[in-house]
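Notes follow the structure.
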Amino acid sequence: MYKLLFLGTSAFAVPSLRALKEDGRFEIAGIITQPDKPVGRHATLTPPAVKVAAKELGISEIQQPAKLKEEDFKKWVEDIGPSCDAFVVVSYGKILPSWMLELPKHGIFNVHGSLLPRWRGPSPIQAAILAGDDRTGVTIMKINEKMDEGPILLEEQTAIHPDETGGELHDRLANLGATVLPHTLAAYLDEKLEPKEQNGSKATYCKILTRNDGRLDWAKTADELARMVRAYHPWPGTWTIVNETRLKVVKARAFQYEKLLKPGTPFVHDGLPCIAATSGTALELVEVQPEGKKAMSGNEFLRGMRSFLRN
RNA sequence: CGCGGGAUAGAGCAGUCAGGCAGCUCGCCAGGCCCAUAACCUGGAGGUCGGGGGUUCAAAUCCCCCUCCCGCAA
């Protein structure tokens with residue numbers, strides 16, 4: 001059995017953790033995950049998804065260092081690390097210091113949610129949909145000192161469905177990664193697989209997303225905006241301001257609209273709420289969520305908020 | 001005690017400030033009209049106004065307490 005340490009935090013990592021745990025070839029010696037964090041309106045201290053899953057799987061050795069250079073943690077990992085064959089990192093959320101890379105016998109491995117070197121960075125899933133890519137996938141790579149630049153063990157492709165949201169693709173890639181991770185890692189550790197260096201000249205990059213990135217910019221075309229709504233659902237979500245109130249856009253459809261309206265102007269077309277974009281395009285608001293309200297169809301939104309019609 | 005919005009018919013909302021017949025746009029049911037309808041016309045059913053207490057001749061509306069939902073922020 002290969003001895004592993006698993007580093008992960010969010011839901012994306014859970015299927016991978018589960019797959020390794022349930023595979024007979026590996027032993028999970030411990031978990032490193034982020035500290036419990038205050039979450040939601042009442043700032044309830046909430047454990048990360050990986051911690052919850054680890055407990056379910058009966059893994060008791062769980063480390064949650066706030067900083068990786070913390071004395072106690074460093075001592076712990078330097079003690080256990082060299083006895084491990086490998087570490088596996090899946091959406092852990094912290095950059096590993098170089099001294100950690102040398103600890104396990106055969107290195108540290110990562111599941112990344114894109115076909116590297118395309119979409120290096122922290123939001124590859126949203127980036128792929130936003131860019132209109134028709135294919136994406138997961139990459140199993142060996143971590144080196146540079147972010148997402150390590151040699152590739154395996155890439156598993158999948159088509160992006162035409163209406164697929166970021167959340168849906170996230171879940172599919174999490175599972176896809178989990179199905180290929182155990183045998184890929186085992187093959188490498190068995191010395192049956194030679195990693196390939198990435199072609200850095202083909203690299204593209206994505207940045208970390210915040211809620212502010214979800215503000216719809218009506219100077220773009222409706223097609224771009226519709227892709228953004230799709231890519232950013234449910235995180236970080238997309239929104240705009242209508243009649244001085246914030247309106248989340250959950251689902252939207254782009255269409256051609258020849259009348260000249262200033263970008264950002266709300267109007268009603270075929271009984272549905274729309275907003276003018278640029279280049280003769282407009283976005284139909286299929287499903288929205290006004291602040292303080294639950295999500296509702298565009299139809300329902302119009303029925304109540306008829307001030308939309310004034311514009 | 002982080003800031004804020006909300007709960008009224010099956011859905012989305014107005015009415016609350018300033019107490020006085022429970023409303024609007026839809027949906028639903030029945031009928032009519034039409035070559036036709038997600039159109040139009042007529043009629044109808046459907047409400048403990050989130051819950052509890054208080055003030056009042058009278059409370060969706062004013063006062064106190066509680067529950068639940070949501071936006072922001074972190």
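Predicted, not measured: the structure shown is a model, and the values here were computed from it. Naming convention: chains lettered A, B, ... in sequence-line order (proteins, then strands); numbering from 1 in each chain.
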query: Could you state the CD1-C1' distance from Ile241(A) to G5(B), rounded to the nearest angstrom?
result: 14 Å
- prompt: Considering only the P atoms, how many Å lie between A39(B) and G46(B), rounded to the nearest integer?
  reply: 25 Å
field: Interatomic distance at C1', G19(B) relative to G5(B), whole Å
entry: 25 Å
message: Give me the distance, rounded to whole Å, that separates G50(B) from A7(B) when you measure between the P atoms they each carry.
response: 8 Å
- prompt: When the C1' atoms of C21(B) and U67(B) are considered, how many whole Å apart are they?
  reply: 31 Å
- request: Using the C1' atoms only, state how far G32(B) lies from U48(B), rounded to an integer number of Å.
  value: 37 Å
query: Say you pick atom C1' in U61(B) and the same atom in U8(B); how far apart are they, in whole Å?
result: 12 Å
query: Atom NE2 of His42(A) to atom P of C72(B): distance rounded to whole Å?
result: 14 Å
message: Under the side chain to side chain donor-acceptor pair (under 3.5 Å) definition, can you give me all pairs with a residue in residues 252-263 of chain A, not counting sequence neighbours?
response: Arg253(A)-Glu284(A)
query: Met296(A) side chain: which of C69(B), C72(B), C13(B) is closest?
result: C13(B)
query: Going through the checks in order, is the side-chain hydrogen bond (donor to acceptor under 3.5 Å, both in side chains) test met by Thr221(A) and Asp223(A)?
result: CA-CA 5 Å; Thr221(A) 67; Asp223(A) 286 324; 4.9 Å; no
task: Take atom NZ of Lys294(A) and atom C1' of G50(B), then tell me their distance rounded to the nearest Å.
output: 12 Å
message: Please confirm whether the shortest side-chain N or O distance from Lys293(A) to OP1 or OP2 of C13(B) is below 4.0 Å.
response: yes
Check: Arg41(A) side chain, G71(B) base, donor-acceptor under 3.5 Å: yes
Same-atom distance (C1') from G15(B) to A74(B), integer angstrom: 37 Å
- prompt: OP1, OP2 of C70(B) versus side-chain N and O of Gln289(A): anything below 4.0 Å?
  reply: no
task: Grab the CZ-C1' distance between Arg303(A) and A38(B) for me, whole Å please.
output: 11 Å
task: Check whether more than 12 heavy atoms from other residues, nucleotides or ligands sit under 6.0 Å from atom NZ of Lys67(A), and answer yes or no.
output: no
- prompt: With both distances under 3.5 Å as the test, what is the Watson-Crick or G-U wobble partner of G44(B)?
  reply: C28(B)
statement: Taking a pair to mean Watson-Crick or G-U wobble geometry with both distances below 3.5 Å, A38(B) pairs with none
For C62(B), the Watson-Crick or wobble counterpart (both distances under 3.5 Å): G54(B)
message: Just the rounded figure in Å: distance from C1' of C72(B) to CZ of Arg215(A).
response: 14 Å
message: Work out how far the C1' atom of A14(B) is from that of G6(B), and round it to whole angstrom.
response: 14 Å
query: Which part of the nucleic acid does Gly40(A) contact within heavy-atom distance under 4.0 Å: base, sugar-phosphate only, or nothing?
result: base
query: His269(A) NE2 to A38(B) P: how many Å, rounded?
result: 18 Å
task: Classify the nucleic acid contact of Lys248(A) as base, sugar-phosphate or nothing, counting any heavy atom under 4.0 Å across all strands shown.
output: sugar-phosphate
field: Heavy-atom donor-acceptor pair, Asp270(A) side chain to Leu272(A) backbone, under 3.5 Å
entry: no
Pair partner, U67(B) [Watson-Crick or wobble, under 3.5 Å]: A7(B)
query: Can you tell me how far P of C13(B) sits from CD of Glu291(A), to the nearest Å?
result: 13 Å
field: Salt bridge present between Arg120(A) and Glu149(A) (N-O < 4.0 angstrom)
entry: yes
message: With a 3.5 Å limit on both atom pairs, tell me what C72(B) is paired to, counting Watson-Crick and G-U wobble, or say none.
response: G2(B)
field: Sidechain N-carboxylate O distance under 4.0 Å for Glu291(A), Lys248(A)
entry: no
task: Round to a whole Å and report the spacing from CG of Asn212(A) to P of C72(B).
output: 11 Å
- prompt: Of Gly292(A) and Glu300(A), whose closest RNA chain B nucleotide lies nearer the 5' terminus?
  reply: Gly292(A)
- prompt: Short question: side chain of Gln198(A), backbone of Gly150(A) - any donor-acceptor pair under 3.5 Å?
  reply: yes
